[in-house]
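Read through the structure below, which is laid out as structure tokens, and then see the notes.
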Amino acid sequence: MDPESGLDAVRNVGIRDGKIVEISEKPLQGKQSIDAHGLVVAPGFIDLHEHGQEPRNYEFQAHDGVTTSLELEVGTDDVSGWYARRTGKSLINFGVSVGHIPIRMRVMNDPGKWLPTGAAAHKPASLEQLRAMQQSIEAGLKAGALAVGMGINYTEGATHQEIIEMFRVAANYQAPVHVHVRFAGTGEPETGLAAVEEVIAAAAATGTPLHVVHITSIGLSETPQLIQLVEGAQRRGLDVTTECYPYVAASTGLESALFDPGWQERMGITYKDVQWAKTGERLTAETFEKYRAEGGAVVIYAIPESAARTAVANPIVIIASDGMPITGAKVHPRGQGTFSRVLGHYVREEKALDLMTALRKMTLMPALRLEKRAPVFKNKGRIRAGADADITVFDPNTIIDKATFEEPLQFSDGIGFVLVNGVPVIKEGKIVKGVFPGRAARAPIAE
Ligand SMILES: [Zn+2]
């Protein structure tokens, strides 16, 4: 099944030197062969949003059909170092954005570990600090960052003008801005809708490609209205896209600005709807204070099922996991099961969308999002001669996520073979040990 050409037929696929070289109705001869009778052969899944960029996450993701895993929301302050640490050592392809959050934390001396907790969260930047941030973002783009990552909700001290200035730097490099917008939820005036308006205006005024991350946890019950805003912007010629994960809970750091006073009203939840990822316990007023001081991941039950389903079924919404580093036994399951959950639960069981549309949302659409900035994506997300042999082979009758909120560290089922640059990393449903075919998915490095 190839979402670019629409081909859905029985074919033989020939692979050589990491590339697809032939797609034929006639049998092909090869040194090795995979019997894919009765299975779907699809482009490997491209995950635009995965915070866990370590070998263990890559194993879970390979079992979920992911061949390219990208951290584009928080990103990094050290693009070259980030790529160097993974080159030659990775199971699947990897890539990163240059991140406004980590840069703002460095420039403003924030004490936070991953997300800001001090000045970078709450204070406006001086002109000098603003210039330093612009320079760092530009340096990251020159080093081949795929995008500019932003999380305005985590850096609420950043003025509207600061956001526009960061967009301008991205525009000069045709880099999309992948942004967690300023507000979430439905309480006027600080609504998800107003927050999406801010970044669409910034994109329109600066000419910057825009990608709004996890639209369901931003929109909550107003998710359909947010998608409508993105659709309308697209129809008027703006390069704006969005993504979702197929779950009814969000996840982030409890220490972050998202849990500043007023969070219950903003998210429409209370302590018992927040779960400490290390132990799985639901919070109380006492444990909230204790763990917030400690810092760490929580799972937040705030997204209506109707919002998740609407976004998963909508043909313009890309699927992306927002997977988390594995910091505890009860981390959010999305990093381990997103793609199989869409294909097994929403396509097969719920019939919320058809299989080709779902595959398009996890292969071709993320590739199209990035290919202007990073031509390497012109050969990903497709089953065609000349494309990279990043391929996921699954049984549409059995594929399913196994990672649940109770038992999140489970491999997905029904994915028989996963190839990364022509090298099998999953064979007969089992991980292949000791192979590192993943390559840097990176924009061209500027002189
Ligand atoms: Zn986010």
Side-chain angles (χ1 to χ4, degrees), residues 1-13 15 20 23 25 27 32-47 59-67 92 244-248 305 308-309 311-315 317-321 333-366 381-383 389-420 424-432:
M1 293 182 75
D2 174 47
E4 186 180 46
S5 61
L7 181 76
D8 178 3
V10 178
R11 291 288 187 276
N12 296 292
V13 179
I15 295 167
I20 297 172
I23 297 170
E25 290 181 62
Q32 294 176 53
S33 62
I34 290 173
D35 181 1
H37 274 102
L39 306 176
V40 170
V41 176
F45 310 149
I46 299 170
D47 190 352
E59 260 191 45
F60 278 109
Q61 290 225 284
H63 275 284
D64 202 32
V66 174
T67 53
I92 60 180
C244 73
Y245 49 78
Y247 294 91
V248 295
E305 167 61 24
R309 189 188 162 103
V312 167
N314 189 297
V317 181
I318 292 168
I319 303 297
S321 75
R334 63 196 183 189
Q336 296 76 260
T338 280
F339 295 90
S340 302
R341 180 163 177 77
V342 170
L343 297 173
H345 180 64
Y346 285 103
V347 173
R348 184 179 63 245
E349 295 173 356
E350 294 277 306
K351 300 188 173 31
L353 70 169
D354 67 81
L355 184 55
M356 187 68 94
T357 302
L359 291 174
R360 185 181 181 87
K361 283 156 59 80
M362 48 185 76
T363 59
L364 184 63
M365 284 169 62
R382 287 105 164 159
I383 299 284
D390 294 341
I391 296 175
T392 291
V393 180
F394 64 93
D395 185 341
N397 298 312
T398 62
I399 188 167
I400 197 72
D401 57 310
K402 290 287 188 185
T404 61
F405 290 105
E406 293 73 37
E407 295 294 339
L409 299 179
Q410 306 286 325
F411 296 134
S412 294
D413 241 9
I415 295 184
F417 298 88
V418 176
L419 278 66
V420 174
V425 299
I426 300 282
K427 255 187 196 172
E428 310 279 3
K430 300 240 161 30
I431 200 90
V432 180

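This is a predicted model, so every value here is computed, not measured. The figures that follow rest on heavy atoms only: side chains count, while hydrogens, waters and symmetry mates do not.
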Practice item. Hey, could you give me each pair passing salt bridge (Lys or Arg N to Asp or Glu O under 4.0 Å) that has a residue in residues 393-413? Not counting sequence neighbours. Key: Arg341-Asp401
Minimum heavy-atom distance [X]-[Y], with the two atoms named:
X: Ile15; Y: Ala389; value: CG2-CB, 3.7 Å
X: Ile400; Y: Arg348; value: CD1-NH2, 3.9 Å
X: Leu355; Y: Pro396; value: CD2-CB, 4.3 Å
X: Pro333; Y: Ala403; value: CB-O, 3.5 Å
X: Asp2; Y: Arg382; value: OD1-CA, 3.5 Å
X: Asp47; Y: Ser321; value: OD2-OG, 2.6 Å

Min side-chain heavy-atom separation [X]-[Y] under 4.5 Å:
X: Glu350; Y: Arg309; value: yes
X: Ile319; Y: Phe339; value: yes
X: Leu353; Y: Val347; value: yes
X: Phe45; Y: Thr67; value: no
X: Pro43; Y: Asp390; value: no
X: Val425; Y: Leu419; value: no
X: Ile431; Y: His63; value: yes
X: Met1; Y: Val41; value: no

Distance-only donor-acceptor pairs under 3.5 Å for side chains of residues 358-366, two or more places apart:
from   : atom 1 : to     : atom 2 : distance (Å)
Arg360 : NH1    : Pro3   : O      : 2.9
Lys361 : NZ     : Ala311 : O      : 3.4
Lys361 : NZ     : Val312 : O      : 2.8
Lys361 : NZ     : Asn314 : O      : 2.6
Lys361 : NZ     : Val317 : O      : 2.5
Thr363 : OG1    : Leu359 : O      : 2.6

With rounding to the nearest 0.5 Å, note down the distance linking [atom1] in [X] to [atom2] in [Y].
X: Ser412; Y: Ile399; atom1: OG; atom2: CD1; value: 7.0 Å
X: Ile92; Y: Glu59; atom1: CD1; atom2: CD; value: 10.5 Å
X: Leu343; Y: Thr398; atom1: CG; atom2: OG1; value: 11.0 Å
X: Ile34; Y: Glu428; atom1: CD1; atom2: CD; value: 8.5 Å
X: Phe417; Y: Ile426; atom1: CZ; atom2: CD1; value: 10.5 Å
X: Phe405; Y: Tyr247; atom1: CZ; atom2: OH; value: 7.0 Å

Practice item. Using atom types as modelled and distance alone, determine if a side-chain donor or acceptor of Asp64 lies under 3.5 Å from a backbone N or O of Val66. Key: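 Not a single qualifying donor-acceptor pair exists.
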Exercise for review: Check the surroundings of atom CD in Glu305: do more than 12 heavy atoms from other residues, nucleotides or ligands lie under 6.0 Å from it?
Suggested key: yes
Exercise for review: Assess whether atom CD of Glu349 is packed by more than 12 heavy atoms of other residues, nucleotides or ligands within 6.0 Å.
Suggested key: yes
Practice item. Report the C-alpha separation of Arg11 and Glu25 in whole Å, then their side-chain angles, then the decisive distance to 0.1 Å, and conclude whether the side-chain contact (heavy atoms from CB on, under 4.5 Å) test is met. Key: CA-CA 5 Å; Arg11 291 288 187 276; Glu25 290 181 62; 3.6 Å; yes
Check your understanding: Where does the angle between the aromatic ring planes of Phe60 and Phe411 fall among parallel (under 30°), tilted (30 to 60°) and perpendicular (over 60°)?
Key ->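 Aromatic pair Phe60/Phe411 classed tilted.
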Exercise for review: Please assess Ile23 against Ile383 for the test side-chain contact (heavy atoms from CB on, under 4.5 Å), listing each intermediate value before the final yes or no.
Suggested key: CA-CA 8 Å; Ile23 297 170; Ile383 299 284; 3.8 Å; yes
